[in-house]
Amino acid sequence: MAYWLMKSEPDEVSIDDVLAAPRQTVGWFGVRNYQARNFMRDGMRAGDLALFYHSSCAEPGIAGIVEIASGAYPDATQFDPASQYYDPKATLEQPRWIGVDVRAVRKTALLSLKRLRTIAALADMRLLAKGSRLSVMPVEPHEWRTIEALLEPLLEPLLEQ
DNA sequence: GCCAACGTTGGC
DNA sequence: GCCAACGTTGGC
């Protein structure tokens, strides 16, 4: 099983939106970066786990954990001229973009980007690399374990009071 | 809103 | 195949 990090703008789809969806599952579509696509297409398998990261918002950071709930399938928005994700070069015979379904595992207290940057064990994390913009990226097992351990105590809202 | 970093496009 | 110009991402 592999670990991933997936970025979403909470104004578009937040962890709360995933939790509120039928079967707590949403389609992950709109990825228009080849590297991110290739990770989804070639690396992701149903059952993999992903950190759900809120980006482009007041406090960016990890907001929950989701499970990959399907294999990769063609992203329908690429064929829809009305969609902001429309790609005129994609064809039904040769789709260019794919998506997967993700299911909420749990929401966590926000583990902020600011805090992530202070953790020595995460110094080499891809998310934290200078200029990193990938919306889907692998997470090393040791990074996953480090982050999980940090997410746990944060589930207790009164712990620091 | 600014801007650094990165990805894509297209002329040559 | 190079590379300048442009577009996008995303933190601040």
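Applying the salt bridge (charged side-chain N to carboxylate O under 4.0 Å, His left out) test to residues at least two apart or on different chains, the pairs with a partner in residues 83-94 of chain A are A:Asp87-A:Arg96. Identified under the salt bridge (charged side-chain N to carboxylate O under 4.0 Å, His left out) test for residues 11-36 of chain A, with sequence neighbours left out: A:Asp16-A:Lys107, A:Arg32-A:Asp75.
The other members of the hydrophobic cluster of A:Leu92, by chain and number, are A:Phe79 (side-chain heavy atoms under 4.5 Å, ILVMFWY only). Hydrophobic cluster membership of A:Trp97, counting Ile, Leu, Val, Met, Phe, Trp and Tyr whose side-chain heavy atoms lie under 4.5 Å apart directly or via other members: A:Tyr34.
Distance check, rounded to the nearest 0.5 Å: CD of A:Glu140 to CG of A:Leu122 gives 11.5 Å.
For residues 86-94 of chain A, proximity to DNA chain C is found at no residue, defined as any non-hydrogen atom under 4.0 angstrom from a strand atom. Contacts with DNA chain C (heavy atom under 4.0 Å) in residues 6-18 of chain A: A:Lys7, listed by number.
In terms of the side chain to side chain contact (heavy atoms under 4.5 Å, CB included) criterion, residue partners of A:Ala2 (sequence neighbours excluded) are, by chain and number, A:Trp4, A:Asp48. Contacts of A:Ala72 classified as side chain to side chain contact (heavy atoms under 4.5 Å, CB included), with partners at least two apart in sequence or in another chain: A:Ile98, A:Val100. Under the side chain to side chain contact (heavy atoms under 4.5 Å, CB included) criterion, A:Arg145 pairs with A:Pro141, A:His142, sequence neighbours left out. Taking A:Ser135 as the reference, A:Lys7, A:Val31, A:Ala36 meet the side chain to side chain contact (heavy atoms under 4.5 Å, CB included) condition, with sequence neighbours excluded.
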Using a 3.5 Å cut-off and no angle test, enumerate the donor-acceptor pairs between side-chain atoms of residues 49-68 of chain A and protein atoms at least two apart in sequence or in another chain.
| from | atom 1 | to | atom 2 | distance (Å) |
| --- | --- | --- | --- | --- |
| A:His54 | NE2 | A:Ile15 | N | 3.2 |
| A:Glu67 | OE1 | A:Arg103 | NH1 | 2.9 |

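Protein chain A contacts DNA chain B from B:dA5 to B:dT8, reading 5' to 3' and using non-hydrogen atoms of the protein with a distance under 4.0 Å.
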